[in-house]
Amino acid sequence: MDDQKSEHHYDIVVVGAGISGINAGYRIQTTLPTSTYTILENRDNVGGTWDLFKYPGIRSDSDLHTFGFEFNPWKKPNPIATGESIVDYINATAKKFGIDEKIQFRHKVVSANWSSDAQRWRLEVENEGIRKVYHAKFVIMGTGYYNYEKPLEARIPGIERFKGQTVHPQFWPQDLDFKGKKMVIIGSGATAITILPAVVDNGVGKVTMLQRSPSYVMSVPQKKPGEKNWYDYLPRWIALRIVRIQFILVPWLLYLFCRKYPIQAANFIRKAAKKQLPKDIPIDPHFKPAYKPWDQRLCLCPDGDFFKAFESGRAEIVTDTISTVTEDGIELSSGERLDADIIVTATGLSLQICGGIPITVDNEPVDVPNRFLWRATMLSGVPNLGVIIGYVNASWTLGADTASRLLTRLYKFMQDNQYTSAVPRITEEEAKDPQVPLALNSTYVNAARNLLPHAGRSGPWLPRDNYFRDSWNAGRADLREGMMFGRVST
Ligand SMILES: Cc1cc2nc3c(=O)[nH]c(=O)nc-3n(C[C@H](O)[C@H](O)[C@H](O)COP(=O)(O)OP(=O)(O)OC[C@H]3O[C@@H](n4cnc5c(N)ncnc54)[C@H](O)[C@@H]3O)c2cc1C
Ligand SMILES: *[C@@H]1O[C@H](CO)[C@@H](O)[C@H](O)[C@H]1NC(C)=O
Ligand SMILES: *[C@@H]1O[C@H](CO)[C@@H](O)[C@H](O)[C@H]1NC(C)=O
Ligand SMILES: *[C@@H]1O[C@H](CO)[C@@H](O)[C@H](O)[C@H]1NC(C)=O
Ligand SMILES: *[C@@H]1O[C@H](CO)[C@@H](O)[C@H](O)[C@H]1NC(C)=O
């Protein structure tokens, strides 16, 4: 082809083929059967997060009964699943509903421009070195919430002097050989807690989890194969519904309990941890967080695998700060020294909304962090653009699905009324005193405060609440509240 860019037209373009993109695909084809859509995905595979992260032991820390799709329930007995089995499940779901035929892999959206004249989005797309143009009436960003290329860089003094190997979990080298080696994992979040037992099981010489501040870690029992609950004697589809509702309710009640009775909750979690730890690992200071449960995400481990790893004698936990990294280890503020062949920097994600894609509205660049989220799904002042942000204090998918249901209902409403645009509009009054849209106070969320859009304090600008209210809103909330509709014939 010459320099003529190929042009493609769809009613709806979804960006991203992770959990959110596939879920959106399903909601589009069921709610809007006459609309055309495609999913543009930069990678070679579906799965997003679960296709990118390949560190040892990678698994969900949500249960798959709610992290899985509502329309294709997770049927295996284990609530917590490996990264690989999650990719398989997402892939199988896409195939089962014909969503796979809508996906175009190795298609990276590099810019998105709204034209009020055309009442359309114009997306510039890169496909293996070729530029293409996609036009869409509506765009849904299923691009997740962090930067794929660049993780959160923690400032670690002296790290450049280290002669061993430094690894970030986001880019774990598949050929990394840690057998018999000394590994230090810097961090205390879900990733560190997953890697530690996995490398112990796979022959690491010695592994040290070095944390600046402790986290709450809770064991989740995995159902044994063959084990039966009372509902398993009911018809299969009813049983699956019951497990799902149970997994929506119990974590939510636990969350409410943690928020209402933080001292009791902290004691409860710490007591359970103490019971599972070998005697020589003291609970203080290592399992005594400075914050209340659910200020930051609770770390879950299946069947207490994290606690059990310490029985091997090859795992330890150190709560201290780094004075400096040396050529062959880490010097701590306490004066203690940790030898290391491999340093794993499990220091978190660099948050990012809309995949970092530059967006313009009639040639005006959209400054995402200064916008407000309408019902946690659309940006103020930006027409016909949905942004899927799931829950961070419950399974992501529950929030992603309420978002997709709301957006497809909005699109249907526009069709029914011949509207060609829907733009969230916030008043000055409502935009006072903004808040962070994610219900967490973690390092990575705080580091991203000025990268994320705002939530407001009232009406459709409130941050996500709980699944029950969001689900109700998705199906019934007034779509005109805070929204301006336009009808322009083109
Ligand atoms: C290690 C790890 C573990 C996690 N565990 C859990 C958990 O247990 N429970 C939970 O609820 N949440 C968890 N999360 C959060 C997790 O990211 C979400 O739950 C969920 O996987 C996000 O799905 P998504 O589809 O929204 O985004 P992603 O999975 O991030 O997928 C986004 C997709 O968009 C594509 N994309 C981005 N930009 C572009 C572009 N410009 N053009 C084309 N394609 C693009 C990406 O390639 C990717 O495939 C975890 C996150 C991480 C990093
Ligand atoms: C997904 O399924 C397709 C077949 O439908 C297969 O070719 C592909 O390799 C699978 N991808 C993954 C990551 O398993
Ligand atoms: C998540 O946080 C929000 C806001 O803090 C809260 O209202 C909600 O109940 C929480 N959801 C769950 C499932 O824990
Ligand atoms: C789209 O917007 C980008 C910036 O966000 C700009 O560089 C590009 O020229 C625009 N393209 C068109 C066709 O307007
Ligand atoms: C976040 O946590 C820090 C300490 O962990 C605390 O000082 C701060 O007040 C918290 N902020 C919010 C908004 O809860």
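Start at 1 and go down the list; that is how both ligands and their atoms are numbered. Just so it is clear, the structure is predicted and the values come from calculations on it, not from any experiment.
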Give the atom numbers and elements of ligand 1 that come within less than 4.0 Å of a heavy atom of [X].
{"X": "G144", "value": "26 (O), 27 (O), 30 (O), 32 (C)"}
{"X": "I19", "value": "23 (O), 25 (O)"}
{"X": "S20", "value": "23 (O), 24 (P), 25 (O), 26 (O)"}

Taking [X] first and then [Y], would you say they form a salt bridge - that is, a charged N and a carboxylate O separated by under 4.0 Å?
{"X": "K5", "Y": "E124", "result": "yes"}
{"X": "E70", "Y": "R241", "result": "yes"}
{"X": "E128", "Y": "R106", "result": "yes"}
{"X": "D11", "Y": "R120", "result": "no"}

[X] heavy atom under 4.0 Å from ligand 1:
{"X": "A400", "result": "no"}
{"X": "R59", "result": "no"}
{"X": "S395", "result": "yes"}
{"X": "I357", "result": "yes"}
{"X": "I388", "result": "no"}

Mind checking whether [X] and [Y] have ring centres under 6.0 Å apart?
{"X": "Y26", "Y": "F97", "result": "yes"}
{"X": "W396", "Y": "Y391", "result": "no"}
{"X": "Y216", "Y": "F287", "result": "no"}
{"X": "F468", "Y": "W252", "result": "yes"}
{"X": "Y148", "Y": "Y146", "result": "yes"}

Suppose we measure from [atom] to each protein heavy atom; which comes out shortest, and what is that distance?
{"atom": "atom 13 (C) of ligand 2", "answer": "N45 OD1, 3.2 Å"}
{"atom": "atom 34 (O) of ligand 1", "answer": "G16 CA, 3.3 Å"}
{"atom": "atom 30 (O) of ligand 1", "answer": "Y148 OH, 2.6 Å"}
{"atom": "atom 4 (C) of ligand 2", "answer": "K95 NZ, 4.4 Å"}
{"atom": "atom 1 (C) of ligand 1", "answer": "Y55 OH, 3.5 Å"}
{"atom": "atom 35 (C) of ligand 1", "answer": "E41 OE1, 3.4 Å"}
{"atom": "atom 17 (O) of ligand 1", "answer": "T49 OG1, 3.0 Å"}
{"atom": "atom 8 (C) of ligand 2", "answer": "N91 ND2, 3.7 Å"}
{"atom": "atom 7 (C) of ligand 1", "answer": "D61 OD1, 3.2 Å"}

Could a heavy atom of V87 be found less than 4.0 Å from some atom of ligand 2?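 Per 4.0 Å heavy-atom rule, V87 contacts ligand 2.
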
Proximal candidate to atom 5 (N) of ligand 1 [heavy atom criterion; set F53, W50, W396, Y391]: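 The nearest heavy atom belongs to W50.
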
Please work out, at 4.0 Å between heavy atoms, whether the side chain, the backbone, both, or neither of Q170 comes within that distance of ligand 1.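 For Q170, no heavy atom sits under 4.0 Å from ligand 1.
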
Under 4.0 Å, heavy-atom basis, I'd like to know which part of V15 is in contact with ligand 1: side chain, backbone, both or neither.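 Side chain only; the backbone of V15 stays clear of ligand 1.
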
